[in-house]
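Step one of this worksheet: look at the structure below.
Lettering follows sequence order; numbering is per chain, from 1.
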Amino acid sequence: MSDAAQAPAQPHLYLVDGSSYIFRAYHRLPPLTNRHGQPAGAVYGYTTMLWKLADGLSKADGPTHMAVILDASEQTHRNRMYDQYKAHRPPPPEDLVPQFPLIRVATRAFSIPCIEEDGLEADDIIACYVAAAKSAGWKVTIVSSDKDLMQLIDEDAGIDMLDTMNDRRIGREQVLEKFGVPPEKVGEVLALMGDSVDNVPGVPGIGPKTASQLIQQFGDLETVLGSTDQITKPKLKQSLIDHADNARLSRELVRLVCDAPLPEPLDGLVLKNIPKEPLEEFLADQGFKSLLNRLHGGGVQQTGATVRNDVMAAMDAKSPAAPITEKIDVDRSKYETIIDEPSLDRWIAEARAQGYVALDTETDCINCIIARLAGISLATAPNRACYIPVGHIGGDLLSDAPQQLPESLVLEKLKPLLEDPAVIKIGHNFKYDWVMFDKAGTDVAPVDDTMVMSFDLDAGKSFGHGLEELAKAHFDHECIPFKQLCGTGSKQITFDKVQLGPATEYAGEDADITLRLWLWLKPRIAAEGATQVYERVDKPLVPVIGRMERRGVKVDRDYLARLSSEFGRDIQSLEEKIYEAACGPFTIGSPQQLGEVLYGRLGLKGGRKGKSGQYSTDVNELERLAGEGVQCASLVLEWRQLTKLKSTYTDALQAQINPQTGRVHTSFSLTGAQTGRLSSNDPNLQNIPIRTEIGRKIRDAFIADEGYKLLSADYSQIELRLAAQMADVPQLKEAFRNGVDIHSLTAEELFGRVDRDRRNQAKTINFAILYGSSAWGIAGRLGLPKDEGKAIIDRYYERFPGIRAFTHSTLSFVREHGFTRTLFGRRTHFLPNIRSPNPSIRAGAERAAINAPIQGTSADLIKRAMARMDDALREAGLGDVRMLLQVHDELVFEVPNGREEEAKAVIKKVMASAAEPAIRLDVPLDVEVGWGAHWGEAH
DNA sequence: CCAATCCCATA
DNA sequence: GTATGGGATTGGA
């Protein structure tokens, strides 16, 4: 492409895929209504999108020509090719139907041409315009995220796509990322994988991954079909042979028509200044006030706010729209490497003057307990970042360490800044950095943690909370991948061996992005009601958890080793018995082989096959067989238990003991569970066995330091108590106040009498309620026919009408707003699944949505207790008591001998009053406390 | 060496 | 039926 063709005079056509946009907008945006009370959420989203696009008229690379393309008719040439095409597509939701005509009205209001043509789908019309514009030498941007249209991308010819929903440009590189093949090969991949929504058959067993891999290997569909002899997987090969015709048909179905006559000539699509009157009339008619204000205020020229923010503003006029921040591209070349004192002093002064600074520590290891510092990066403004190396060494034996300031000097100079109460220190996953500085004797405060902020705002959304992922989601920015610096696998190097140049770009970017995230997220915390949960619950927990991780818990290595060999012997002898019962050896640990042995070799009946065609051999199945007297099944069950205990616990735990401290230091994740719970990893100390006697032995390996005891305090039935509170069930609340056994009470209400079986059934049902289970699910769990399950749940609702009301109101709230809330305001998001057209996905989201407020409130409570615990203990003169672990409803402490009763009183008080003063509960929170030489004894 | 799958430990 | 993390096997890079 010549320079002349890229001159500003080159026309740039924007083709808006209106039909697909409105579907996606419907599922992604809240169900707003317009001034007439008609559903208009999708129309609103569509209007703001057109606004933004049209607004680019005068901008560089903005549209000079524009058209909206719609689907006109149901019947197209594809139906003639294949009568099943789009045959199973469900009808559009009923509150979307009335919005279709409004799309044309909205488009006319902008005075933009709206193009549809009988017998052609929108995709085809777009393809025709792309072809015409391409030969005329125009640039084209297709505004859509439809994967079928990605076939048309041709960056050399200036043809790309724009996904306004995610504010993302799609070019060759993005297509490669998604499909593993360039745009011109996308049709080949689509043909193989098929499309269940449009009912394009594809080849069974081939999904996106395999399709992409095959096309990468063979180039196109025909070559794949002609090369089946080179395909090693037998199932895949057969499927390709059997369904070759379907694959060829699919290839034609996904091929876009690009040579039909244009309904409107290219020149007719020129974008002129948009007359104000029709637009004003439309916005006023619909009652889109925030847009109307913008039309009257800054006019169409004002930009910056996203569609999402407009919707927030439309939903609640009081909530301020997010600040309009101009996007500044990340420029890593602006970052400085600090290797002299005056420069360091300058940065410290700058941070102090500013009042906030983002920082990130780089180390040689992801485990912060044993990690050594490599360097520290700071950022004070977008693109204004520096990296201070302190622990870099040469990349290999021959090279010397680079010149850098001594670690002790840097830490000494930074300490006053890091401890300055007037300067906010911002980190991403700040727990890690906090531990690094704590090890150096610096108590960093005050802090903000952008990872926790993201979690408190966006838990449950489609993106996680890692720095790179958030950079992508919020700024459409790709961070330097860590493996690009350090490699991967066995050739991976540690960060302290990275050259200072690349290290500065990487570390500076981390601090830079962290700062940008803070600027972006901080205003949202208050605007979206997350202040209570962030400021009072999660933020204060960052150093608390950091301290717990540093303390670790003492583990008796010799005892674990003895258990390991004991288990090992038992496993051996079980294996011999199993081989005997199975008439020959096999890999017991392989579910595949075990299934073959049980249902093949031994010829047992009743095997359940799962979706992969493999026999299920889980506990339920094996227990069923064992109950029928199958020796082999009960032996395998025992073998499974012992191998699980040995590999996951006795062996793995020994390996996790830190040689310096003789203790195990887990890592708690503050953002691991969508409901607000913590999670624990490396090792996971939240799933140490307790239910079986033999598993319980593992708990005895957790011991107290010399002169201390382990104390365990746990909330009794906290989730049921919270359910009784939140659903407002008088009998249940009363029972909890009087210390009545709750499952017996439920059995009495449901069955009119109480015995062991009925109490157990009632217990199952009580839990099923917490988990949002259906009548069908309860019946399955209790082993009853479906109608009896339904009868039981009806009776439950009849006896406890509050539960039904709670379920109902939780679901209608989440359907409307897309999120649930705990008593303390923590939100968990459930879009898009809560509105999924797929009933099983939707039902899954509904169960999770019923559980989330209860599980989440329980998580909030114990977190509030934890945040207050250290101060309360210190005030009681129990500064020596160490909080070590949290297991969702339990806290484990190390308490000096003789102080157990005192500690018990304080801990119980803090935990029982954790809701106060924010919330007044009508149900007491019971806390059970025990202690002993080891964890097993403390229960 | 990596991922998908199955199974299983906890609350 | 909810929420997690992790080990072993398997099959293909």
Side-chain angles (χ1 to χ4, degrees), chain A residues 207 209-210 213 217 231-236 459-460 488-492 586-595 610-622 636-637 640-641 643-649 651-653 656 666-669 671-692 695-696 698-699 714-715 717-720 723 764-782 789 793 820 828 840 843-856 858-859 862 885-890:
Chain A
K209 291 272 149 58
T210 313
Q213 184 268 320
Q217 186 179 353
I231 294 184
T232 47
K233 286 181 173 177
K235 283 225 178 87
L236 176 58
T488 176
S490 57
K491 280 176 291 203
Q492 191 164 0
F586 65 102
T587 311
I588 307 168
S590 160
Q592 196 184 335
Q593 292 185 35
L594 179 62
K611 108 183 205 309
S612 60
Q614 200 179 284
Y615 288 111
S616 165
T617 65
D618 65 15
V619 266
N620 298 316
E621 290 302 297
L622 292 186
V636 170
L637 278 171
R640 282 237 180 107
Q641 178 177 32
T643 50
K644 171 83 177 175
L645 292 175
K646 182 169 188 291
S647 64
T648 311
Y649 300 105
D651 290 351
L653 222 40
Q656 290 276 0
T666 184
S667 170
F668 288 102
S669 167
T671 59
Q674 322 240 297
T675 51
R677 274 189 179 179
L678 301 181
S679 72
S680 157
N681 58 9
D682 296 304
N684 182 355
L685 295 185
Q686 290 182 322
N687 70 346
I688 301 301
I690 191 165
R691 286 176 187 178
T692 66
R696 238 184 149 101
I698 313 266
R699 292 226 162 190
D714 70 280
Y715 283 114
Q717 292 178 324
I718 187 160
E719 294 197 357
L720 275 174
T764 302
I765 296 163
N766 276 331
F767 278 104
I769 295 299
L770 298 182
Y771 298 154
S773 166
S774 63
W776 193 81
I778 288 181
R781 204 18 99 93
L782 292 175
I793 207 163
T820 60
T828 304
S840 87
E846 288 174 354
R847 290 193 298 271
I850 290 170
N851 180 249
I854 301 169
Q855 189 182 115
S858 157
I862 196 163
L885 297 175
Q886 187 249 46
V887 193
H888 309 310
D889 64 1
E890 173 188 12

(request) Report which part of the nucleic acid A/Ala768 touches: base, sugar-phosphate, or nothing (heavy-atom distance under 4.0 Å, all strands). (result) base
(request) Starting at the 5' end of nucleotides 8-13 of chain C, put B wherever the base has a protein heavy atom under 4.0 Å, S where only the sugar-phosphate does, and a dash everywhere else. (result) SSSSSS
(request) Quick one: pull up CG in A/Leu720 and CD1 in A/Ile854 and give me the separation to the nearest 0.5 Å. (result) 8.5 Å
(message) Just verifying a value: how many Å separate A/Asn851 CG and A/Thr828 OG1, rounded to the nearest 0.5 Å?
(response) 9.5 Å
(message) Just to verify, which of A/Leu885, A/Leu685, A/Asn687 counts as forming a side-chain contact (heavy atoms from CB on, under 4.5 Å) with A/Ser680?
(response) A/Leu685
(request) Please list, chain by chain and in numerical order, all residues satisfying side-chain contact (heavy atoms from CB on, under 4.5 Å) with A/Ile778, sequence neighbours excluded. (result) A/Ile765, A/Ala768, A/Ser773, A/Leu782, A/Ile793
(message) Whole angstroms only, please: what is the NZ-C1' distance between A/Lys646 and C/dG6?
(response) 16 Å
(message) What contact category does A/Ile850 fall into here, base, sugar-phosphate, or nothing, at under 4.0 angstrom with non-hydrogen atoms?
(response) nothing
(message) I need the A/Glu719 CD to A/Gln717 CD distance, nearest 0.5 Å.
(response) 11.0 Å
(message) Strictly distance-based, threshold 3.5 Å: is any side-chain N or O of A/Thr587 a donor or acceptor partner for the main-chain N or O of A/Ser590?
(response) no
(request) Check every strand shown and say whether A/Thr488 touches a base, only sugar-phosphate, or nothing at a heavy-atom separation below 4.0 Å. (result) sugar-phosphate
(request) Could you check whether A/Asn684 gets within reach of a base, just the sugar-phosphate, or nothing at all, counting any heavy atom under 4.0 Å? (result) sugar-phosphate
(message) Whole angstroms only, please: what is the CG-P distance between A/Leu770 and C/dT4?
(response) 16 Å
(request) Would you kindly give the CG-to-P distance between A/Asn681 and C/dA3, to the nearest whole Å? (result) 19 Å
(message) Quick check on DNA chain C: between A/Glu719 and A/Ser679, whose nearest nucleotide comes earlier from the 5' end?
(response) A/Glu719
(message) With a 3.5 Å distance limit and no angle check, can you tell me whether A/Ser667 reaches the backbone of A/Asn681 through a side-chain donor-acceptor pair?
(response) no
(request) Name the nucleic acid region contacted by A/Ser680, choosing base, sugar-phosphate or nothing; use a 4.0 angstrom heavy-atom cut-off, strictly under. (result) sugar-phosphate
(message) Measuring from the side chain of A/Thr648 (C-beta onward, heavy atoms only), which nucleotide among C/dT4, C/dG7, C/dT2 has the closest atom?
(response) C/dG7
(request) Mark yes or no for whether A/Gln686, through its side chain, and A/Gln886, through its backbone, hold a donor-acceptor pair below 3.5 Å. (result) yes
(request) Please work out if A/Thr617 contacts a base, only the sugar-phosphate, or nothing of the nucleic acid, heavy-atom cut-off 4.0 Å. (result) sugar-phosphate
(message) Pairs counted only when both distances fall under 3.5 Å, Watson-Crick or G-U: show me the 5' to 3' dot-bracket for DNA chain B, [ ] for pseudoknotted crossings and | for other-strand partners.
(response) |||||||||||
(message) Taking 4.0 Å as the cut-off, does a side-chain nitrogen or oxygen of A/Arg847 come that near to OP1 or OP2 on C/dT2?
(response) yes
(message) So, using side-chain hydrogen bond (donor to acceptor under 3.5 Å, both in side chains) as the criterion, who are the partners of A/Arg781 when residues are at least two apart?
(response) none
(request) Check whether any side-chain heavy atom of A/Leu594 lies under 4.5 Å from a side-chain heavy atom of A/Arg640, and answer yes or no. (result) yes
(message) Rounding to an integer number of Å, can you tell me how far A/Ile698 CD1 sits from C/dG7 P?
(response) 13 Å
(request) Could I get the full list of side-chain contact (heavy atoms from CB on, under 4.5 Å) partners for A/Ser774, not counting sequence neighbours? (result) A/Trp776
(request) Mark yes or no for whether A/Ser858, through its side chain, and A/Ile718, through its backbone, hold a donor-acceptor pair below 3.5 Å. (result) no
(request) Give the rounded distance in Å between these two atoms: CD of A/Gln674 and C1' of C/dA3. (result) 9 Å
(request) Can you measure from CD (A/Glu621) to CG (A/Leu637) and round to the nearest 0.5 angstrom? (result) 11.0 Å
(request) Would you indicate what A/Thr828 reaches in the nucleic acid, counting non-hydrogen atoms under 4.0 angstrom: base, sugar-phosphate, or nothing? (result) nothing
(request) Rounded to the nearest angstrom, tell me the gap between atom CD1 in A/Ile688 and atom P in C/dG5. (result) 14 Å
(request) Please state how far atom CD1 in A/Ile765 lies from atom P in C/dT2, giving the value in whole angstrom units. (result) 17 Å
(message) Quick check for you: name the first and last nucleotides of DNA chain B, 5' to 3', having an atom under 4.0 Å from a heavy atom of chain A.
(response) B/dC2 to B/dA11
(request) Starting from P on C/dG7, measure out to CZ on A/Arg640 and report it in whole angstrom. (result) 17 Å
